[in-house]
Amino acid sequence: MAISEQANGSPTRRIDVSLGYRSYPIFIGSGTIQSTDIAQYVGGSRLLVVSNTTVEPLYLDVIRDRLDGKSVDSVVLPDGEKFKNLDGLDLIFTALLRGGHDRKTTLIALGGGVVGDMTGFAAASYQRGVPFVQIPTTLLSQVDSSVGGKTGVNHRLGKNMIGAFYQPLAVVVDTDTLATLSEREFAAGLAEVIKYGLIADADFFVWLENHLDELLRRDAGALTYAIERSCQIKADVVAADETEQGVRAILNLGHTFGHAIETFLDYSDWVHGEAVSAGMLMAAQLSASLGYVSVAEVARIRMILQRCGLPITPPKSMQVDDFKRLMQRDKKVLDGQMRLVILKSLGTAEVTADVPETHLRQLLMSACGG
Ligand code: NAD
Ligand code: GLY
């Protein structure tokens, strides 16, 4: 990891995602939108910034200023997970075609994970592929969705079911953008930060327990460290297994349960990080029932999620059969066999097809209050 002193004097951290000729940098710090030479990642003279109705008024002008000399078009999507679908995607393609954009055009994703995933997929498929840059503006997108090249949209029958692996040219994480983020969305991002401690770094989990109050106050130093450590863990996992043939699946701790919750709720009411929070605690409880983590460790996980104000149980209206039906649509299901991410210990995880049906049923009954 490198630290460079940028023009504004504040240190910017740089992490590289190592994928051969498709390697790319993640710049992290305060003011990186101002201090990073974003234009160097725009090969042609034209670009299309994709944003949404919430983020565009806050940050589009700043991006425009940084790209002086380029021809900057923009498209503003409706805000929300329920618009992360093929209709939403069509708005991007229509803007590209109406604007006469060719294969030299660069797309810029300016927003949270919804905008980032959709822009990435549009970039992967417009005229069979144009370059794109991620400028993530939620904590969740800064530590997770902008890194690693998973792009796509939801289908009403399943979350993230249509998409592609397609890597950006660069990720510019400006922690200043988090100043305008709601408490609820900030907490949702913390769920994914906590995930990294659980799956890959027990010391980081302890650090999070000890520094959570600073993080909740959005202390700049604590925040930069938490984002940096999260991105480093994700970059390492992605470099080892870009297309999720194996180890990358651990990044989905709790997501099989979480995606079932999101699909059940029709992508409304709960935000992604909240569903992941409840799902991670379920995964931890399952891991304890299999004898891998202790009851005391599960209590620590419950406690840190609760301190963030995150949900720790699924929606009351959800029944065991809803989970079973929706979990079958998880992308980790192979040849009809469900695979789940479990914690082998606090700080290590693995994906397994060997969870006995009785353990899963017991977990679902207890989580659904049955
Ligand atoms: P989001 O994109 O819906 O953003 C959350 C809310 O915050 C939205 O209302 C948005 O407009 C608003 N917002 C964004 N930046 C803001 C800012 N700086 N100030 C004020 N408001 C701001 O949700 P998210 O949590 O960022 O991302 C969730 C999505 O990411 C889900 O669709 C999930 O599936 C996806 N995801 C993808 C990956 C991946 O690897 N590609 C990983 C994790 C999650
Ligand atoms: N968020 C899971 C992954 O990127 O693989």
Side-chain angles (χ1 to χ4, degrees), residues 17 33 50-60 62 76-85 88 109-121 124 134-154 158-168 171 173-193 195-196 199 218 230-231 233-235 237-238 240-256 258-259 261-263 267-268 270-277 331-332 341 351:
V17 183
I33 290 177
V50 182
S51 194
N52 72 18
T53 48
T54 305
V55 180
E56 186 260 5
L58 295 170
Y59 301 111
L60 180 62
V62 191
V76 181
L77 306 179
D79 185 357
E81 183 78 34
K82 61 179 180 297
F83 301 107
K84 183 182 159 182
N85 54 31
L110 175 67
V114 168
V115 164
D117 282 12
M118 292 175 74
T119 308
F121 189 40
Q134 288 269 17
I135 305 185
T137 59
T138 61
L139 180 57
L140 187 141
S141 57
Q142 295 184 350
V143 298
D144 195 349
S145 60
S146 64
V147 175
K150 277 190 182 175
T151 72
V153 294
N154 303 326
K159 170 95 178 146
N160 291 336
M161 280 295 151
I162 303 157
F165 287 100
Y166 194 68
Q167 303 293 342
V171 181
V173 173
D174 190 332
T175 53
D176 292 354
T177 60
L178 299 179
T180 50
L181 196 64
S182 70
E183 271 184 31
R184 184 178 179 191
E185 294 294 352
F186 187 79
L190 285 176
E192 300 278 13
V193 174
K195 174 190 78 180
Y196 291 112
I199 61 170
R218 306 188 196 190
S230 300
C231 286
I233 292 171
K234 179 144 190 188
V237 172
V238 168
D241 178 21
E242 182 186 5
T243 57
E244 201 169 307
Q245 304 303 307
V247 69
R248 181 165 179 167
I250 66 170
L251 294 172
N252 278 324
L253 177 74
H255 285 53
T256 304
H259 286 169
I261 293 172
E262 287 186 88
T263 309
Y267 312 113
S268 304
W270 284 35
V271 300
H272 176 71
E274 291 171 338
V276 166
S277 170
K331 288 189 294 308
K332 286 186 293 307
V341 183
V351 60

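Indexing begins at 1, ligand by ligand and atom by atom, following the structure's order. Just so we're clear, the structure is a prediction, and the values are computed from it rather than from any experiment.
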Decide whether an N or O pair under 3.5 Å exists between R248 and ligand 1.
no

Of H272, E81, M118, the one whose closest heavy atom lies nearest atom 32 (O) of ligand 1 is E81

For V271, state whether at least one heavy atom is located under 4.0 Å from any atom of ligand 1.
no

What residue and atom, counting heavy atoms only, is the protein's closest point to atom 23 (O) of ligand 1, and at what distance?
G113 N, 4.1 Å

One finds that the ligand 1 atoms under 4.0 Å from a non-hydrogen atom of T54 are 11 (O), 21 (N)

In this structure, NZ of K195 is separated from CG of D144 (nearest 0.5 Å) by 4.0 Å

Any donor-acceptor pair under 3.5 Å from T263 side chain to H259 backbone:
yes

If we only count N/O pairs under 3.5 Å, is T151 in contact with ligand 1?
no

Identify, for atom 1 (N) of ligand 2, the protein heavy atom at the shortest distance, and state residue, atom and that distance.
D144 OD1, 3.2 Å

Which residue and heavy atom of the protein sit nearest atom 1 (P) of ligand 1, plus the separation:
V114 CG2, 3.9 Å

Tell me which one of T137, T177, D174 satisfies side-chain hydrogen bond (donor to acceptor under 3.5 Å, both in side chains) with Q142.
T177

Between K234 and ligand 2, find which residue part has any heavy-atom pair under 4.0 Å and reply side chain, backbone, both or neither.
side chain

When you measure from atom 11 (O) of ligand 1 to each heavy atom in T138, D79, L58, which option holds the nearest one?
D79

Looking at atom 43 (C) of ligand 1, what's its closest protein heavy atom, distance included?
D144 OD2, 3.5 Å

To the nearest 0.5 angstrom, please state how far the OG1 atom of T138 sits from the CZ atom of F186.
11.0 Å

List the steps, then state whether side chain to side chain contact (heavy atoms under 4.5 Å, CB included) holds for E56 with L110.
CA-CA 8 Å; E56 186 260 5; L110 175 67; 5.9 Å; no

Q167 (side chain) donor-acceptor with F165 (main chain) under 3.5 angstrom
no

Top protein contact for atom 22 (C) of ligand 1, by heavy-atom distance:
L181 CD1, 3.6 Å

Polar atom proximity, D117 to ligand 1 (N or O, under 3.5 Å):
yes

Where the side chain of E185 meets the backbone of S182, is there a donor-acceptor pair that is under 3.5 Å apart?
no

If only atom types and distance count, is the side chain of Y166 paired as donor or acceptor with the main-chain N or O of G152 below 3.5 Å?
no

Sub-3.5 Å donor-acceptor pair from the side chain of S141 to the main-chain atoms of S146, do we have one?
no

Any side-chain donor near an acceptor of the partner, N160 and K84, under 3.5 Å:
yes

For ligand 1, note which part of L178 has a heavy atom under 4.0 Å away: side chain, backbone, both or neither.
neither

Please indicate whether any nitrogen or oxygen in R248 is less than 3.5 Å from any nitrogen or oxygen in ligand 2.
yes

For atom 39 (C) of ligand 1, what is the nearest protein heavy atom, given as residue, atom name and distance?
S145 CA, 3.5 Å

Looking only at protein heavy atoms, which one is nearest to atom 17 (C) of ligand 1, and what is the separation?
T180 OG1, 3.4 Å

May I ask you to check whether K150 has an N/O atom sitting below 3.5 Å from an N/O atom of ligand 2?
yes

Distance (rounded to the nearest 0.5 Å) between E262 CD and K82 NZ
13.0 Å

For ligand 1, which atoms have a heavy atom of N160 less than 4.0 angstrom away?
34 (O)

Counting each atom of ligand 1 from 1 as listed, which ones have a heavy atom of T177 under 4.0 Å away?
17 (C), 18 (N)

What atoms in ligand 1 come closer than 4.0 Å to a heavy atom of K84?
31 (C), 32 (O), 33 (C), 34 (O), 35 (C)

Counting only heavy atoms closer than 4.0 Å, does ligand 2 sit against the backbone of N252, its side chain, both, or neither?
side chain

Please classify the N52 to ligand 1 contact at 4.0 Å (heavy-atom distances, strictly less than): side chain, backbone, both or neither.
side chain

Taking atom 34 (O) of ligand 1 as the reference point, the nearest protein heavy atom with its distance:
K159 NZ, 2.8 Å

Closest non-hydrogen contact found for L77 with G88 is CD2-O, 4.0 Å

Which of parallel (below 30°), tilted (30 to 60°) and perpendicular (above 60°) describes H255 and H272?
perpendicular

For atom 40 (O) of ligand 1, what's the nearest protein heavy-atom neighbour? Residue, atom name and distance, please.
K234 NZ, 3.3 Å

Select one of side chain, backbone, both or neither to describe which atoms of E262 lie under 4.0 Å from any atom of ligand 1, heavy atoms only.
neither

List the steps and the verdict of side chain to side chain contact (heavy atoms under 4.5 Å, CB included) for K234 and R248.
CA-CA 9 Å; K234 179 144 190 188; R248 181 165 179 167; 4.0 Å; yes

So is T137 polar-close to ligand 1, meaning N/O to N/O under 3.5 Å?
yes

If you measure from CD1 on I250 to OH on Y196, what distance do you get to the nearest 0.5 Å?
10.0 Å

Does at least one non-hydrogen atom of E192 fall below 4.0 angstrom from an atom of ligand 2?
no

Those residues at least two apart in sequence (or on a different chain) that pass side-chain hydrogen bond (donor to acceptor under 3.5 Å, both in side chains) with T180 are Y59

So for K82, does at least one of its heavy atoms come nearer than 4.0 angstrom to any atom of ligand 1?
no

Verdict with reasoning, L139 to L190, per side chain to side chain contact (heavy atoms under 4.5 Å, CB included)
CA-CA 7 Å; L139 180 57; L190 285 176; 3.9 Å; yes

